[in-house]
Amino acid sequence: MIVLGIETSCDETAAAIVTDAREIRADVVLSQLDDHTPYGGVVPEIAARAHLEHLDGLIRRAMSEAGIGFGDLDAVAATGGPGLIGGVIVGVMTAKAIAAARGLPFVAVNHLEGHALTARLTDNVAFPYLLLLVSGGHCQLLAVEGVGRYRRLGTTIDDAVGEAFDKTAKLLGLGYPGGPLVEKAAARATDPARFELPRPMLGRPGCDFSFSGLKTAVRRHVEELGGMAGGVLSDADRDDLAAAFQATVAEVLADRCARAIRRFKEDHPQGGALVVAGGVAANKAIRSRLSTLAETHRMPFVAPPLRLCTDNAAMIAWAGIERFRMGESDPLNFAPRPRWPLDPNAAPVIGRAGVGAGVKA
Ligand code: KG4
Ligand code: ZN
């Protein structure tokens, strides 16, 4: 089976060709970084227009790299949500057009399911497994029991972890996108133990996360160090703070994962792997902390290669294959979904600003 995957839910335009033999025949990603950098974050309208401009060309490139034509495809999969709705519409409409013109099945993929199932594409991981999904818009712990079968064990009550990286980068004057820049600054730190930051939720019952207090603590340090109101942090201050932030996030994630592992093992005594996915999984300090944790609990640890952690279309094609193999596809009147939880039965989270408000679950 050969499937074309399309990803347009945020600021990466991507197309990929993947087979059911877990072979990535082509995987092209166009980052819109330069379009959004002047604004310090993703501008949805600019993103949607850029997807529209580039998607056709990227699909053509992916097909040519894979050495196939539309006649060789067995299905077309596109991210159907959650994400920035303008971009999702561009990807879904393109996929539907190809499906209609070629008489192919169309599969609308949940972007989060794409991240969640990547470890099966790269490492053939068996169900069930415990997944830490950490991206720009999400921070969740999920028991993955099958395709489409997710049980949420924990989620953030305020910011997503990638968002915390991005906001911290801004506070430190590192620019956008924050995650990789914070990681680089942390690697340059000369005194990484200099700043002590609060460890939100550490040791608390349950598996939920909170990152907004951590961000506030970074802001306070930046203020004290004269880095606000037009001031500039020294390189040493900036790098040491970045290191403190990254180490704290790694520790909090490991603490929450440790609790989730206990719950996962109660439900699945036969065990399973600890899998990390999403853009923040590209962070080497976090990967290494989680790898140690998994070893302690005698669980295999799986983290996809860096380029398959951040947004890409290979994961969308693969999730499309997994769904299609189960006999699932979507009608051409599928409506893009700006919100699309993986576990619809999970209780709503109570955010600080009230039920669900601003919560990145
Ligand atoms: O999964 P992703 O590419 O897009 C979303 O679906 O959100 O994740 C993007 C997020 C951004 O917040 C980015 O700052 C973060 O992942 N990220 C990182 C790293 N690379 C990307 N965070 C920490 N360290 C990194 N190396
Ligand atoms: Zn993503």
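Counting starts at 1 for both ligands and their atoms, in listed order. Side chains are part of it too, since the values below use all heavy atoms of this structure and drop only hydrogens, waters and symmetry mates.
The backbone N or O of Gly206 lies less than 3.5 Å from a partner atom in the side chain of Arg256, making a donor-acceptor pair. Using a distance-only test at 3.5 Å, with no hydrogens or angles considered, a donor-acceptor pair links the side chain of Arg307 to the main chain of Asp27. With hydrogens and angles disregarded, a donor-acceptor distance shorter than 3.5 Å links the side chain of Asp343 to the backbone of Arg152. Remark: side-chain polar atoms of Asp11 are not paired, donor with acceptor, to backbone N or O of Gln32 under 3.5 angstrom.
Regarding atom 9 (C) of ligand 1, its nearest protein heavy-atom neighbour is Gly136 N, 3.7 Å. Protein heavy atom nearest atom 22 (N) of ligand 1, with residue, atom name and distance: Gly179 CA, 3.3 Å. Scanning all protein heavy atoms for the shortest distance to atom 17 (N) of ligand 1 gives Gly279 O, 3.5 Å. Among protein heavy atoms, the minimum distance from atom 26 (N) of ligand 1 is reached at Glu183 OE1, 2.7 Å. In terms of protein heavy atoms, atom 2 (P) of ligand 1 is closest to Asp311 OD1, 3.3 Å. Protein heavy atom at the shortest distance from atom 24 (N) of ligand 1 is Asn283 ND2, 3.1 Å.
Residue Gly137 approaches ligand 1 through these ligand atoms, each under 4.0 Å from one of its heavy atoms: 7 (O). Of all atoms in ligand 1, listed by their number and element, those nearer than 4.0 Å to a heavy atom of Ser135 are 1 (O), 5 (C), 6 (O), 7 (O), 8 (O). The ligand atoms of ligand 1 that sit less than 4.0 angstrom from a heavy atom of Gly162 are 12 (O). Proximity to His115 (heavy-atom distance under 4.0 Å) selects the following atoms of ligand 1: 1 (O), 6 (O).
Ring-plane geometry between Trp340 and Phe334 is classed as tilted, the angle between the planes lying from 30 to 60 degrees on a 0 to 90 degree scale. Taking the six-membered ring where tryptophan is involved, the planes of His115 and His111 are perpendicular, since the angle between them exceeds 60° and thus also 30°.
Only the side chain of Asp166 comes within 4.0 Å of ligand 1, judged by heavy-atom distances. Of the heavy atoms in Pro177, none comes closer than 4.0 Å to ligand 1. By the criterion of a heavy-atom distance under 4.0 Å, neither the backbone nor the side chain of His138 is placed next to ligand 1.
The atom of Asp311 that is an N, O or S and sits closest to the Zn ion (ligand 2) is OD1.
Heavy atoms of His111 approach ligand 1 to within less than 4.0 angstrom. The shell of residues lying under 4.0 angstrom from ligand 1, judged by heavy atoms, excludes Cys10.
If you take CG on Leu171 and CG on Asp166, they are separated by 11.5 Å, rounding to the nearest 0.5 Å. Rounding to the nearest 0.5 Å gives a distance of 6.5 Å between CG of Leu153 and CG of Leu130.
In summary, Cys10 places no N/O/S atom under 2.8 Å from the Zn ion (ligand 2), failing the contact criterion. Residue side and main chain included, His115 places an N/O/S atom under 2.8 Å of the Zn ion (ligand 2).
Taking 4.0 Å as the cut-off between side-chain N and carboxylate O, Glu223 and Arg220 do not count as a salt-bridged pair.
At a threshold of 4.5 Å between side-chain heavy atoms, the hydrophobic network of Ile, Leu, Val, Met, Phe, Trp and Tyr places Phe106 and Val18 in two separate groups. Side-chain heavy atoms closer than 4.5 Å link hydrophobic residues (I, L, V, M, F, W, Y) into clusters, and following such links, possibly through other members, connects Val125 to Leu133.
Nearest to atom 15 (C) of ligand 1 by heavy atom, out of Leu112, Leu133, Val280, Thr168, is Val280.
What you find for Leu4 and Ala317 is that their closest heavy atoms are C-CB, 4.3 Å.
Between Phe165 and ligand 1, not a single N/O pair is under 3.5 Å apart.
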